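Below is one structure, written out as structure tokens, with a few remarks after it.
As the structure is a computational prediction, the values presented were derived from the model and not from experiment. In this chain, numbering begins with 1 at the start of the sequence shown.
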Amino acid sequence: MSTIFKISYEHQASGHLQAAEVLLESEGEPTQEAVQDAVRKDLAKHADTADFSVVSVAPYP
């Protein structure tokens, strides 16, 4: 059974620290690599930055 996880992260955009979230569906707890890939894919849609910091990963309702 898959679980949806909410990943909260921060990144720099236009010289300002921005907070963002992305959802990830995973069988069991996601690996660190899966979390980072989800954040990178989300960032690619919104910004030209590669630097980010994962704040939390938690099950979503």
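With a 4.5 Å cut-off on side-chain heavy atoms, Gln12 and Phe52 do not count as touching.
For the atom pair Lys45 NZ and Lys41 NZ, the distance stands at 10.0 Å (nearest 0.5 Å). Rounded to the nearest 0.5 Å, atoms CD (Gln18) and OH (Tyr9) are 10.0 Å apart.
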Side-chain donor-acceptor distances from residues 19-34 under 3.5 Å, at least two apart:
residue : atom : partner : partner atom : Å
Glu25   : OE2  : Ser2    : OG           : 2.7
Ser26   : OG   : Gly28   : O            : 3.0
Glu27   : OE1  : Met1    : N            : 3.3
Thr31   : OG1  : Ala34   : N            : 3.0

- Item | Leu43/His11 under side chain to side chain contact (heavy atoms under 4.5 Å, CB included): CA gap, chis, key distance, verdict | CA-CA 9 Å; Leu43 277 173; His11 63 96; 3.5 Å; yes
